[in-house]
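Handing you a structure now.
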Amino acid sequence: QVSLVEFGGGLVQAGESLRLSCVASGEIIRINAMSWYHQPPGKQRELVATVTSVGSTVYAGSVKGRFTISRDYAKNTVYLQMNSLKFEDTGVYYCNAGGVLLSGWYQAGDYWGQGTQVTVSS
């Protein structure tokens with residue numbers, strides 16, 4: 001079994017910063033990509049940023065230049081540094097691990113964390 005746990009959410013004012021962390025645990029051999037998703041209140045979950053196994057990154061246009069995704073490959077941990085936060089950044093942020101290969105299994109799978117709440121006040 002794979003568990004993903006997010007940390008770092010909280011209540012901040014617009015313009016401030018937060019750093020989210022997500023740790024994947026289990027009998028993990030390899031994780032292809034780790035991502036952060038954002039789900040605003042009452043809306044669908046959308047991709048914020050992804051970092052691949054070779055270090056390539058992609059960002060949603062709304063966060064490019066403000067957010068930075070990074071990864072500690074040895075610790076199966078992904079971070080999201082969120083600067084210049086805006087009210088519209090409010091919502092639940094979910095960690096995703098894609099292409100997770102587990103010991104004893106031949107096929108990789110995707111896993112989600114429980115989410116961490118980010119609230120940005122104006």
Pair Gln81-Arg19, side chain to side chain contact (heavy atoms under 4.5 Å, CB included): steps then yes or no: CA-CA 4 Å; Gln81 178 66 47; Arg19 181 180 170 89; 3.6 Å; yes
Atom of Arg71, atom of Asn32 and distance for their closest heavy-atom approach: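 For Arg71 and Asn32, the tightest heavy-atom pair comes out as NH1-O, 3.1 Å.
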Beyond-backbone contact of Tyr79 with Asp72, side-chain heavy atoms, under 4.5 angstrom: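 They are in contact (side-chain heavy atoms under 4.5 Å apart), so the answer is yes.
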Distance in Å, Glu46 CD paired with Ser62 OG, rounded so as to fall on 0.5 Å steps: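 Glu46 atom CD to Ser62 atom OG measures 7.5 Å (nearest 0.5 Å).
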Minimal non-hydrogen separation, Gly91 against Pro41, with atom names: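 Minimum heavy-atom separation between Gly91 and Pro41: CA-CD, 4.2 Å.
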Spacing of Leu101 atom CG and Ile29 atom CD1 [to the nearest 0.5 Å]: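 If we round to the nearest 0.5 Å, Leu101:CG and Ile29:CD1 are 4.5 Å apart.
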Derivation of the side-chain hydrogen bond (donor to acceptor under 3.5 Å, both in side chains) call for Ser3 and Gln1: CA-CA 7 Å; Ser3 296; Gln1 183 179 8; 4.7 Å; no
Nearest heavy atoms of Val118 and Met82, plus distance in Å: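 The pair with the smallest heavy-atom distance is CG2-CE, 3.9 Å.
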Side-chain donor/acceptor of Glu6 to backbone N/O of Gly115, under 3.5 Å: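 At least one qualifying donor-acceptor pair exists.
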Cluster link Leu18 to Met34, ILVMFWY, side chain under 4.5 Å: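 Both belong to a single hydrophobic cluster.
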Whichever hydrophobic residues join Tyr37 through chains of side-chain contacts under 4.5 Å: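 The other cluster members (ILVMFWY side chains, heavy atoms under 4.5 Å, direct or chained) are Leu47, Val92, Tyr94, Trp112.
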Side chain proximity check, Cys95 to Trp36, heavy atoms < 4.5 angstrom: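 In contact.
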Side-chain (Asp110) to main-chain (Gly99) donor-acceptor, under 3.5 angstrom: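 Side chain of Asp110 to backbone of Gly99, a donor-acceptor pair under 3.5 Å: yes, one is there.
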Exam field: side chain Thr90 to backbone Val120, donor-acceptor pair closer than 3.5 Å: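 Pair found, side chain donor or acceptor close to backbone of Val120.
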Closest non-hydrogen atom pair, Ile31 against Ala24: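 Heavy atoms only, the tightest pair is CD1-CB, 4.0 Å.
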Distance (rounded to the nearest 0.5 Å) between Lys86 NZ and Ser122 OG: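 Between atom NZ of Lys86 and atom OG of Ser122 there are 14.0 Å.
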Straight-line distance of Phe67 CZ to Asn83 CG, nearest 0.5 Å: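 If I round to the nearest 0.5 Å, the distance is 8.5 Å.
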More than 12 heavy atoms of other groups within 6.0 Å of Tyr73 OH: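 Count over threshold, so yes.
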Note, Ile28 side chain near Tyr111 side chain (heavy atom, < 4.5 Å):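 No, their side chains stay 4.5 Å or more apart.
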Least distance between heavy atoms, Ala49 atom then Leu80 atom: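 So the two residues come closest at CB-CD1, 4.4 Å.
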Close side-chain approach of Val23 and Val5, heavy atoms under 4.5 Å: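 The answer is no, as the side chains (C-beta and beyond) never meet within the 4.5 Å cut-off.
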With Arg66 via salt bridge (Lys or Arg N to Asp or Glu O under 4.0 Å) - residues at least two apart: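 Testing Arg66 for salt bridge (Lys or Arg N to Asp or Glu O under 4.0 Å), a comparison that skips the adjacent residues, returns Asp89.
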Within 6.0 Å of CD in Gln114, more than 12 heavy atoms from elsewhere: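 Count not over threshold, so no.
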Enclosure of Glu27 CD (heavy-atom neighbours >12, cutoff 6.0 Å):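 No - once you tally the heavy atoms of other residues, nucleotides and ligands closer than 6.0 Å, there are 12 at most.
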Common cluster, Tyr59/Tyr93, ILVMFWY with side-chain heavy-atom separation under 4.5 Å: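 Yes.
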